[in-house]
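Let me begin by presenting the structure, written as structure tokens, before commenting on it.
Numbers restart at 1 for each chain; the letters A, B, ... are given by sequence-line order, proteins then strands. Keep in mind it's a predicted model, so treat the numbers as computed, not measured.
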There are 2 protein chains.
Amino acid sequence: MPKDTFFNLPEEKRQRIIEAAIDEFATHPFQQARVTAIADQAGIAKGSFYQYFADKKDLYTYLMGLMFQKKISYLNQDLMENRGKYPFFQLLREVFISGIRFAKENPRLVPIGMMLVNDKQLYHEIFGHYEDASIEFFRKMLEEAKDQGEIDPVIDPKLAATMLIGMLYSLTDFLIEDGKLDLDDMAIIDQMLYFAENGLKKKD
Amino acid sequence: MPKDTFFNLPEEKRQRIIEAAIDEFATHPFQQARVTAIADQAGIAKGSFYQYFADKKDLYTYLMGLMFQKKISYLNQDLMENRGKYPFFQLLREVFISGIRFAKENPRLVPIGMMLVNDKQLYHEIFGHYEDASIEFFRKMLEEAKDQGEIDPVIDPKLAATMLIGMLYSLTDFLIEDGKLDLDDMAIIDQMLYFAENGLKKKD
DNA sequence: CTACAATATGAATGTGCGGTCATATGAATG
DNA sequence: CATTCATATGACCGCACATTCATATTGTAG
């Protein structure tokens, strides 16, 4: 957690620091991200940085928290709270839509998330030692849908969850990185769902 | 390219160096990988390292080349050379099989590849500035299959290629990382194909 | 043996960066 | 004003590491 001094800062200055940090962490993995660069960019002295944060990781962890909250806020609250009441593929659509929308509206946050996911060690230091939360999330959804007879019984939920996450990650990355696709966002979502639905749905 | 002195080395010593490098690069991203660790592990003096390689990147680039060759060697030569003659889903099965087999037999190489893919900057320095080769490879296969009427005309080849790669990457990573899946390799491949086939195939 | 070239070695060099610290500035209080 | 407390600052320290270099060792040819 940042120190009190950080939260006592005028809103504007705090934002400058956060923005500078996002810039730096979006372009450099944690270890290579430079405190000096963040301080310079934010227009504060390096020493001041350590008035606000215990160290580099302190800021990083705080940022990850903000990001996580923001990501969550893109999910339709009603759908998520009453998961059981909605058909699986509608939930899946909602998750895809919010994922893409988040990525489009916060392009700088995407690479930060990617880098964290790829640094297993750091990931565990920050989020603790449990299975990747997003895989678990999808796995549970699939498990329930399977019980409801919505998806093909031969599908292994954990494997399918891994594949869905993989699709979503690599697509998000792709869209942000070079994003040359002659489709608008909704067409992309439709195709992903079409693909996933035909791949997973219970056959008659 | 390594210097002549490296290739003049007795086979056994050269192997030791390569193995040491693989160990180091499998556990540390390029920037954090230490020349000292490689030299120590290989049992050579640090100075000797620079008799063989211009610098750290020289060795790394060389390693990536070896890895690429090795990966290619897992593909069924006949199938690849006569791509046009085989049905798309058979080719896809072959690519999946060789990918998983490569990963299972060379587990230390997988994280190295993952880290490289995730370091866009380094990736481009090493492989040049063209589109991700594996996406292109899948995209072409899909394009051809679409012309043959094997896959659903609504599918966008580039998007589908991105999704397939994503599935394959994340699955490979998953298998190597913690790999707790109650399925054997063939069952995994079958499910991936089942998923992909139903998702992509032309509907009657 | 000798002389020359190729290779091996690890101490020394240089650099970049995270984190510390003594000091300065300024706001608030009385 | 004078005192105190919170915040700001950038020079400085220590360390880790890639790379260099002067020197030693080994191999080879005549």
- Specify the residues of residues 57-66 of chain A, ordered by number, for which at least one heavy atom lies under 4.0 angstrom from an atom of DNA chain D. none

- Item | B/Asp156 (side chain) donor-acceptor with B/Leu159 (main chain) under 3.5 angstrom | yes

- side-chain contact (heavy atoms from CB on, under 4.5 Å) with B/Met64: which of B/Leu59, B/Leu116, B/Leu122? B/Leu116

- Answer yes when B/Glu143 and B/Lys146 have at least one side-chain N-carboxylate O distance shorter than 4.0 Å, and no when they do not. no

- Of all heavy-atom pairs between B/Ile22 and B/Ile112, which one has the smallest distance, and what is that distance? O-CD1, 3.8 Å

- Query: Mind checking what makes salt bridge (Lys or Arg N to Asp or Glu O under 4.0 Å) contact with A/Lys104, not counting sequence neighbours?
  - Reply: A/Asp185

- Task: Extract the stems that DNA chain C is part of, considering only consecutive pairing runs of at least three Watson-Crick or G-U wobble pairs, both distances under 3.5 Å.
- Result: C:1-30 with D:1-30

- Task: Take atom CD of B/Gln31 and atom C1' of C/dC17, then tell me their distance rounded to the nearest Å.
- Result: 14 Å

- Query: Going by the angle between their ring planes, with limits at 30° and 60°, are B/Phe53 and B/Tyr62 parallel, tilted or perpendicular?
  - Reply: tilted

- side-chain hydrogen bond (donor to acceptor under 3.5 Å, both in side chains) against B/Gln77, all qualifying residues, sequence neighbours excluded: none

- How would you list, by chain and number, every residue that makes a salt bridge (Lys or Arg N to Asp or Glu O under 4.0 Å) with B/Glu150, sequence neighbours excluded? none

Tell me which donor-acceptor pairs under 3.5 Å the side chains of residues 33-51 of chain B have, and how far apart each pair is, sequence neighbours excluded?
none

- Task: Please determine, by modelled atom types, if A/Asn106 and A/Tyr74 share a side-chain donor-acceptor pair under 3.5 angstrom.
- Result: yes

- Message: When you measure from the centre of the six-membered ring of B/Phe102, is the NZ or CZ of B/Lys70 closer than 6.0 Å and no more than 45° off the axis?
- Response: no

- Task: Determine the interplanar angle of the B/Tyr52 and B/Phe6 rings, folded into 0 to 90°, and report it as parallel if under 30°, tilted if 30 to 60°, perpendicular if over 60°.
- Result: tilted

- Message: Just the rounded figure in Å: distance from C1' of C/dT7 to CZ of B/Phe7.
- Response: 17 Å

- Item | Under-4.0 Å side-chain N/O to phosphate OP1/OP2 contact, A/Tyr50 with C/dT20 | no

- Between B/Asn8 and C/dT7, is there a side-chain N or O to OP1/OP2 distance below 4.0 Å? yes

Detail all sub-3.5 Å separations between protein N/O atoms and N/O atoms belonging to nucleotides 8-12 of chain C.
unit_1	atom_1	unit_2	atom_2	d
C/dA8	OP1	B/Lys13	NZ	3.2
C/dA8	OP2	B/Tyr52	OH	2.8
C/dA8	N7	B/Gln51	NE2	2.7
C/dT9	OP2	B/Ala45	N	3.4
C/dT9	OP2	B/Ser48	OG	3.2
C/dG10	N7	B/Gly47	N	3.2

- Task: List in chain and number order the residues that pass side-chain hydrogen bond (donor to acceptor under 3.5 Å, both in side chains) with B/Lys57, two or more places apart in sequence or in another chain; answer none if no residue qualifies.
- Result: B/Glu125

- Message: Once you apply a heavy-atom cut-off of 4.0 Å, does A/Ala33 come out as touching a base, just sugar-phosphate, or nothing?
- Response: sugar-phosphate

- Measure the distance from CZ on A/Phe30 to P on C/dC17 and round it to the nearest whole Å. 15 Å

- Aromatic rings A/Phe96 and A/Phe138: how do their planes relate, parallel, tilted or perpendicular, breaks at 30° and 60°? tilted

- Partner set under side-chain hydrogen bond (donor to acceptor under 3.5 Å, both in side chains) for B/Asp119, not counting sequence neighbours: none

- Between which nucleotides of DNA chain D, 5' to 3', does chain A make heavy-atom contacts below 4.0 Å? D/dT7 to D/dG10

Tabulate protein N/O versus nucleotide N/O from nucleotides 13-16 of chain C, keeping only pairs under 3.5 Å, one per line.
none

- Task: Could you list all the salt bridge (charged side-chain N to carboxylate O under 4.0 Å, His left out) pairs where at least one residue sits in residues 15-32 of chain B, not counting sequence neighbours?
- Result: B/Glu12-B/Arg16, B/Glu19-B/Arg108, B/Asp23-B/Arg108

